[in-house]
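First the structure, in the form of C-alpha cells, and then the observations on it.
Side chains included, hydrogens not; waters and symmetry mates left out as well; all remaining heavy atoms used. Only a predicted model underlies this, so the values are computations on that prediction, with no experimental measurement involved.
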Protein chains: 2
Amino acid sequence: MVTNTEKPIKKILNKKDAPDVAAIVESIIGCKWSLHVLDQVRRGTNRPGAMVRQSKGLSTKVLNERLNKMLRFDILEKVSYPEVPPRVEYTLTNFGRRFVGVLDAIARLQEECISQQTGEKK
Amino acid sequence: MVTNTEKPIKKILNKKDAPDVAAIVESIIGCKWSLHVLDQVRRGTNRPGAMVRQSKGLSTKVLNERLNKMLRFDILEKVSYPEVPPRVEYTLTNFGRRFVGVLDAIARLQEECISQQTGEKK
DNA sequence: CCGTATCCCATAAGATACTG
DNA sequence: CAGTATCTTATGGGATACGG
C-alpha cells in the first residue's frame, strides 16, 4: 500500500499494470462529494439532475467533476439516451461494484463500533 | 453511510454515539500523507524523526498535522519518554487496529485486481 | 529530537451564467 | 436536462526557521 505523494491520474491509470487501488481510493475519497455520489448511484439515483436535486449544496460543476473522475477510474459508466430532452444514466462498472466493497468495509466497522458500544452499557 | 458536507471534527467526535467511521475515513484518507503515516506506524516506524527521514517530501509540519488528527480520532496513541534528547513513539490504539482493517480491504482489492489481470493473460 | 509558527502557492469547491 | 466556463474563496500542504 502507501501512496505518499499524490500521483497524477495518468500515472495511476498507466495500465498494463493493475490499477493502484490505494491511490484511487485516496483520490476519490479525498474529494468531498465522491462518497455521496457513489452512494446515490448505488441506490439507484443515477441521473445527474436527480442527484443535484437530492443533494443540498451540490452544484452541477462539482458533480460533473466527480462523475468524470470516476469515469476515468472506471468506477462508473455512462449511458446517454438519444432523446429530447436528453437523458443520461451513470452506473457502477464491475470494478466499481468491487470498489464500493471497500465502502462496505467502512460500514461494517461502523456497525461494530455501535454494537460494541451498546454492549458496553450493560 | 454518506458524508456529503464535511463535518467538523467536533461533530464527528460528539460522542455518546459511536464514532462516525465514514466521516473519519473521509477525514483521514482525504489528507495526503495519512495512509503513508499509518502504514509506517503499523510497520514499526513510529518515531517522528524516523518517519520524516524515510519519507521523501514529508515535512514535520504536515506530519504533525496528520499525527494530531489521528490522535484526536483515537486512531493513534502517543507515548513520550522523559529522556534527553526526547523520545516519542506513536502506536495504534484498539480502534486504530480495527481502522487499518479498512486499509486491508483496499489491499485485498488490489490483490484481486492484480491476480485477475495476470489471469486474463492466458 | 520533537513540535509549532509563517509565508506562499496550488487547488478543491461554491455560486452563477450560459450552450447544446 | 446535461454539461461547460468563469470567478472567488477557503484550505491543504510545501519550505523554512525557530523554540522546548
Side-chain angles (χ1 to χ4, degrees), chain A residues 3-10 23-38 40-41 45-73 76-91, chain B residues 3-10 25-38 40-41 45-73 76-91:
Chain A
T3 317
N4 45 22
T5 302
E6 173 103 40
K7 293 184 184 179
I9 295 186
K10 289 268 188 180
I24 293 177
V25 169
E26 213 171 66
S27 179
I28 292 300
I29 298 187
C31 294
K32 188 170 170 180
W33 286 92
S34 297
L35 286 186
H36 179 78
V37 170
L38 264 181
Q40 289 224 296
V41 171
T45 303
N46 56 4
R47 298 187 56 187
M51 294 189 218
V52 169
R53 253 175 281 121
Q54 293 182 18
S55 310
K56 182 73 180 173
L58 176 60
S59 70
T60 63
K61 169 181 165 273
V62 172
L63 173 60
N64 278 294
E65 284 171 2
R66 295 312 118 219
L67 290 174
N68 286 323
K69 199 164 193 172
M70 294 195 271
L71 286 175
R72 294 179 67 187
F73 280 135
L76 294 181
E77 202 159 49
K78 175 181 179 175
V79 182
S80 301
Y81 296 89
E83 304 172 356
V84 170
R87 181 162 61 101
V88 172
E89 289 180 4
Y90 289 85
T91 58
Chain B
T3 318
N4 45 23
T5 302
E6 173 101 42
K7 293 185 185 178
I9 294 186
K10 288 268 186 179
V25 169
E26 212 171 67
S27 179
I28 293 301
I29 299 187
C31 294
K32 188 169 170 180
W33 286 91
S34 297
L35 286 185
H36 179 77
V37 170
L38 265 180
Q40 290 222 295
V41 171
T45 303
N46 55 3
R47 298 186 57 184
M51 294 189 218
V52 169
R53 254 174 279 120
Q54 293 182 19
S55 310
K56 181 74 179 173
L58 176 61
S59 69
T60 64
K61 169 182 167 271
V62 171
L63 173 61
N64 279 294
E65 284 171 1
R66 297 310 118 220
L67 290 174
N68 286 323
K69 199 163 194 174
M70 293 195 271
L71 286 175
R72 294 179 66 187
F73 280 134
L76 294 181
E77 205 160 46
K78 175 179 178 175
V79 182
S80 300
Y81 298 89
E83 306 173 350
V84 170
R87 180 161 62 101
V88 172
E89 290 179 3
Y90 290 85
T91 57

Taking all atoms of both residues into account, what is the closest heavy-atom pair of Glu26(A) and Lys32(B), and its distance?
OE2-O, 3.6 Å
Find the distance Lys78(B):NZ to dC2(C):P and express it as a whole number of Å.
10 Å
Once you round it to whole Å, what is the distance between C1' of dA12(C) and CD1 of Ile29(A)?
16 Å
Ignoring backbone atoms, test whether Asn64(A) places a side-chain nitrogen or oxygen under 4.0 Å from the OP1 or OP2 oxygen of dA5(D).
no
What integer distance in Å separates Met51(B):CE from dC2(C):C1'?
12 Å
Which residues share a side-chain hydrogen bond (donor to acceptor under 3.5 Å, both in side chains) with Ser55(B), sequence neighbours left out
His36(B), Gln40(B)
May I ask you to verify if any side-chain N or O of Trp33(B) is less than 4.0 angstrom from the OP1 or OP2 atom of dG14(D)?
yes
Measure the distance from CD on Glu65(A) to P on dA5(D) and round it to the nearest whole Å.
11 Å
Solution key, residues 76-86 of chain B side-chain donor-acceptor pairs under 3.5 Å, sequence neighbours excluded:
{"from": "Glu83(B)", "atom 1": "OE1", "to": "Arg87(B)", "atom 2": "NE", "distance (Å)": "3.3"}
{"from": "Glu83(B)", "atom 1": "OE2", "to": "Arg87(B)", "atom 2": "NH2", "distance (Å)": "3.1"}

Which atom pair, heavy atoms only, marks the closest approach of Thr45(A) to Gln54(A)?
OG1-OE1, 3.5 Å
Glu83(B) has an atom CD; how far is it from atom P of dC1(C), in whole Å?
13 Å
What contact category does Tyr81(B) fall into here, base, sugar-phosphate, or nothing, at under 4.0 angstrom with non-hydrogen atoms?
nothing
Rounded distance in Å - CD (Glu26(B)) to P (dT11(D))
16 Å
N or O in side chain of Arg87(A) less than 4.0 angstrom from dA2(D) OP1/OP2:
no
Heavy-atom closest pair, residues Tyr90(B) and Leu71(B):
CE2-CD1, 3.9 Å
Would you check if Leu63(B) and Pro48(B) make a side-chain contact, meaning some heavy-atom pair closer than 4.5 Å?
yes
Side-chain heavy atoms of Val37(B) within contact of Met70(B), under 4.5 Å
yes
Is there a side-chain polar atom (N or O) of Asn68(B) under 4.0 Å from OP1 or OP2 of dT4(C)?
yes
Take atom CG of Asn46(A) and atom P of dC1(D), then tell me their distance rounded to the nearest Å.
15 Å
Within a strict 4.5 Å, meaning less than it, do heavy atoms of the Leu38(B) and Arg66(B) side chains meet?
no
One would report the end-axis bend of the helix from dG3(C)-dC18(D) to dG20(C)-dC1(D), five pairs per end and rounded to 10 degrees, as 40°
Under 4.0 angstrom between Tyr90(B) side-chain N/O and dG3(C) OP1 or OP2:
yes
Would you say dA2(D) has OP1 or OP2 under 4.0 Å from some side-chain N or O of Arg47(A)?
yes
From CG of Leu76(B) across to P of dG3(C) the rounded distance in Å is 12 Å
For Lys61(A), what residues pass the side-chain hydrogen bond (donor to acceptor under 3.5 Å, both in side chains) criterion, not counting sequence neighbours?
Glu65(A)
Just by distance, do the side chain of Ser34(A) and the backbone of Ile28(A) share a donor-acceptor pair under 3.5 Å?
yes
Distance below 4.0 Å between Arg66(A) side-chain N/O and dA13(C) OP1 or OP2:
yes
In the 5'-to-3' direction, what one-character label does each nucleotide of nucleotides 15-20 of chain D receive under the scheme B = base within less than 4.0 Å of a protein heavy atom, S = sugar-phosphate only, - = no such atom?
B-B--B
Nucleotide of dA2(D), dC2(C), dA13(C) approaching Val88(A) most closely (side-chain heavy atoms)
dA2(D)
